[in-house]
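Some notes on the structure that comes next.
Numbering of ligands and ligand atoms starts at 1, following listing order.
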Amino acid sequence: MHSYESLRKLHPCLNAGNEGGGRIHLPVSPACNLCCRYCSRMLTAAEERPGRTRGILPLKDVKDVLRKALDLCPELTTVGIAGPGESLATDHAVRAFEITDREFPELIKCLSTNGLMLEEKAGELARVHADTVTVTVNSVDPSIQEKINKRIFLEGRWIYGREAAQILIDRQLHGIEKASGLGMTVKINIVLIPGINDGHIGEIARKASDAGARICNIIPLIPQAEMSDRRAPGCEELSDARAEVEPYLDVFRHCRHCRADAAGRLGGEDFGKILYNGLKFEQETFSHG
Ligand code: SF4
Ligand code: SF4
């Protein structure tokens with residue numbers, strides 16, 4: 001497992017000078033167990049934003065895709081899994097990392113998750129040598145969280161409202177504690193939503209830091225889905241939010257809000273269009289509602 005200091009040199013998204021090589025996202029996760037009100041996952045080659053993918057990558061193709069990606073972009077250091085669904089709602093992501101670890105052990109493994117299942121799955125992630133986990137923590141107050149996420153799927157049923165919000169917050173913080181205790185570097189993402197969680201950013205950072213997180217990425221809301229009538233935060237609001245985080249966590253500032261199937265150097269040519277051209281979408285496994 002790479003240390004935080006080593007990741008800050010090698011992982012393109014943790015390197016402040018943006019010189020840490022390239023990354024590839026494996027769009028292997030088909031389903032989700034939350035219903036975030038701003039979420040719009042979509043199969044398209046057209047847009048540059050999170051959650052977008054050309055299709056779902058079958059696990060049998062992971063090894064070939066990584067080999068081709070290393071041919072196209074020898075600077076590749078990092079394999080990320082960031083959707084289009086939730087990485088820990090199915091076992092696809094852990095299995096994709098297992099293949100990566102066996103075939104290309106030198107590559108950094110970086111997982112994004114909503115954190116609902118992180119505490120349970122952290123041991124499996126450690127077993128496949130996941131180096132870093134990013135948890136999206138949009139609130140640590142259930143009265144705010146219920147405005148952002150509608151429901152969670154847990155133990156075979158959907159749970160709604162304030163109860164779901166409290167369970168999600170507790171599980172995210174316990175998951176961060178477990179993953180960081182097992183040696184993974186934990187980053188948090190906070191989607192900054194003006195009028196909802198913008199007065200609460202320092203508190204999220206403080207609790208995440210207490211749980212073991214090291215670094216934070218503030219993501220401006222993309223107004224879409226149930227939040228399509230809201231506005232994105234401006235530059236000043238983003239920099240105020242980052243200033244609130246800084247006493248508690250390092251702040252990551254150069255996120256490009258990549259697609260779930262992006263590949264290459266940040267800001268460079270996207271090899272995803274070559275690697276993932278022709279992917280199929282398994283409609284029945286896509287549980288977003
Ligand atoms: Fe969408 Fe699920 Fe991610 Fe929320 S956790 S943004 S619902 S994919
Ligand atoms: Fe890195 Fe941000 Fe792109 Fe993820 S979305 S690969 S954190 S730049």
Can you see whether Ser143 engages Asp141 through a side-chain donor-acceptor pair at a distance of less than 3.5 angstrom?
yes
So the atoms of ligand 1 within less than 4.0 Å of a heavy atom of Cys32 turn out to be 2 (Fe), 5 (S), 7 (S), 8 (S)
Would a distance-only check, ignoring hydrogens and angles, find a side-chain to backbone donor-acceptor pair under 3.5 Å from His25 to Pro27?
no
For Thr136, all residues meeting side chain to side chain contact (heavy atoms under 4.5 Å, CB included), sequence neighbours excluded:
Tyr38, Asn138, Asn189, Val191
Partners meeting ring-ring contact (aromatic ring centres under 6.0 Å, His included) with Phe252 (sequence neighbours left out):
His254
Those atoms of ligand 2 less than 4.0 Å from some heavy atom in Cys258:
3 (Fe), 5 (S), 6 (S), 8 (S)
Side-chain H-bond candidate by donor/acceptor type, Ser29 with Glu86, under 3.5 Å:
no
With heavy atoms of Pro84 as the reference, note each atom of ligand 1 found under 4.0 Å away.
8 (S)
Run the side-chain contact (heavy atoms from CB on, under 4.5 Å) test on Leu118 and Leu125 for me, step by step, so that the C-alpha distance in whole Å, both residues' side-chain angles and the decisive distance to 0.1 Å come before the verdict.
CA-CA 9 Å; Leu118 182 56; Leu125 289 172; 3.9 Å; yes
Metal site atom 1 (Fe) of ligand 1: N/O/S of Cys36 inside 2.8 Å:
no
Per-atom contacts of ligand 1 with Asn114, taking only distances under 4.0 Å to non-hydrogen atoms
5 (S)
For Arg23, counting its heavy atoms only, list the atoms of ligand 2 lying under 4.0 Å from any of them.
6 (S)
The atoms of ligand 2 lying under 4.0 Å from a heavy atom of Leu266, numbered in the order shown, are 8 (S)
Cys13 heavy atoms within 4.0 Å reach ligand 2 at atoms 1 (Fe), 6 (S), 7 (S), 8 (S)
